[in-house]
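For reference, the structure discussed in these notes is given below.
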Amino acid sequence: MAHQKKALFVIFKPNKLPKQQELREQFSSSYPFFKEMEAVEYKCWWISEEKGQWGALYVFRSQKELEDYLTSDRWLKAIPEKYGCTPTWEVMDVGMILSKTIITQAHESWII
């Protein structure tokens with residue numbers, strides 16, 4: 001049910017924003033892990049070259065599963081080490097989720 005879901009909006013502000021292609025490669029390397037995260041129903045990466053930042057929007061099945069992720073070693077240690085900075089984030093309630101397609105492979109997930 002949508003009222004039980006929670007969204008996590010994440011922003012990374014590295015000292016130097018990697019090129020878009022490099023970020024896409026990093027995002028794609030995370031796809032197998034994301035695919036196995038049953039708690040996450042949706043994830044969208046985004047890049048703002050103008051602001052020198054990038055991030056993601058996740059939709060978790062529940063508050064508990066979101067809290068479990070935010071206290072995990074992956075979130076607290078592996079993610080900052082992989083991307084070279086600690087992200088800021090905000091938890092939000094989820095409204096309606098609309099999707100025109102379902103992505104099942106990382107290489108198909110880029111809208112150009």
Side-chain angles (χ1 to χ4, degrees):
M1 299 196 119
H3 69 278
Q4 296 173 336
K5 299 178 189 314
K6 290 292 180 181
L8 176 65
F9 184 71
V10 179
I11 299 172
F12 287 87
K13 295 180 183 177
N15 290 332
K16 182 177 184 255
L17 185 68
K19 298 285 184 195
Q20 192 174 94
Q21 186 58 37
E22 183 181 344
L23 285 169
R24 287 180 178 193
E25 289 169 13
Q26 288 179 350
F27 301 157
S28 293
S29 72
S30 296
Y31 186 81
F33 180 80
F34 163 70
K35 186 177 177 184
E36 298 301 317
M37 290 178 67
E38 291 183 19
V40 177
E41 295 184 345
Y42 171 88
K43 183 174 183 180
C44 176
W45 284 284
W46 56 269
I47 302 166
S48 174
E49 292 179 348
E50 299 81 28
K51 292 183 177 182
Q53 61 189 26
W54 67 273
L57 174 68
Y58 300 73
V59 175
F60 283 79
R61 291 187 304 194
S62 70
Q63 178 75 34
K64 166 112 175 59
E65 290 170 310
L66 171 57
E67 290 170 0
D68 289 347
Y69 182 65
L70 291 175
T71 58
S72 71
D73 281 344
R74 178 165 180 80
W75 179 254
L76 295 172
K77 295 178 185 172
I79 297 294
E81 287 175 11
K82 180 176 182 175
Y83 297 114
C85 62
T86 300
T88 58
W89 51 270
E90 182 178 350
V91 174
M92 297 176 267
D93 290 324
V94 175
M96 185 181 295
I97 300 169
L98 302 175
S99 177
K100 289 188 174 184
T101 62
I102 297 172
I103 305 301
T104 58
Q105 297 181 31
H107 74 275
E108 296 173 347
S109 66
W110 300 109
I111 299 171
I112 298 175

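Predicted model, so just to flag it, every value in this text is computed and none were measured.
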Query raised in the report: At their closest point, which heavy atom of Ala39 faces which heavy atom of Glu65, and how far apart are they?
Result: CB-CB, 3.5 Å
Report task. Verify, without hydrogens or angle tests, whether Ser28 (side chain) and Glu25 (backbone) share a donor-acceptor contact under 3.5 angstrom. Result -> no
Query raised in the report: For atom CD of Glu22, is the number of surrounding heavy atoms from other residues, nucleotides or ligands below 6.0 Å larger than 12?
Result: yes
Query raised in the report: For the residue pair Leu57 and Ala7, what are the closest heavy atoms and their distance?
Result: CD1-CB, 4.1 Å
**Report entry** Min side-chain heavy-atom separation Phe60-Leu70 under 4.5 Å
**Finding:** no
Requested in this report: Apply the test side chain to side chain contact (heavy atoms under 4.5 Å, CB included) to residues Glu67 and Lys6: give CA-CA distance (whole Å), side-chain angles for both, the deciding distance (0.1 Å), then the verdict.
Outcome: CA-CA 10 Å; Glu67 290 170 0; Lys6 290 292 180 181; over 6 Å; no
Report summary line: For Pro18 and Leu23 the tightest heavy-atom approach is O-CD1, 3.7 Å
Report task. Specify whether Trp54 and Phe12 have parallel, tilted or perpendicular ring planes, treating 30° as the upper limit for parallel and 60° as the lower limit for perpendicular. Result -> parallel
Query raised in the report: Taking all atoms of both residues into account, what is the closest heavy-atom pair of Arg74 and Pro80, and its distance?
Result: O-CD, 4.4 Å
Report task. Could you check whether the rings of Trp75 and Trp89 sit parallel, tilted or perpendicular, using 30° and 60° as the cut-offs? Result -> perpendicular
Query raised in the report: Nearest 0.5 Å, what's the CD-CH2 distance between Gln53 and Trp46?
Result: 4.0 Å
Query raised in the report: Can you name the closest pair of heavy atoms from Ile47 and Gln20 and give their distance?
Result: CD1-CG, 3.6 Å
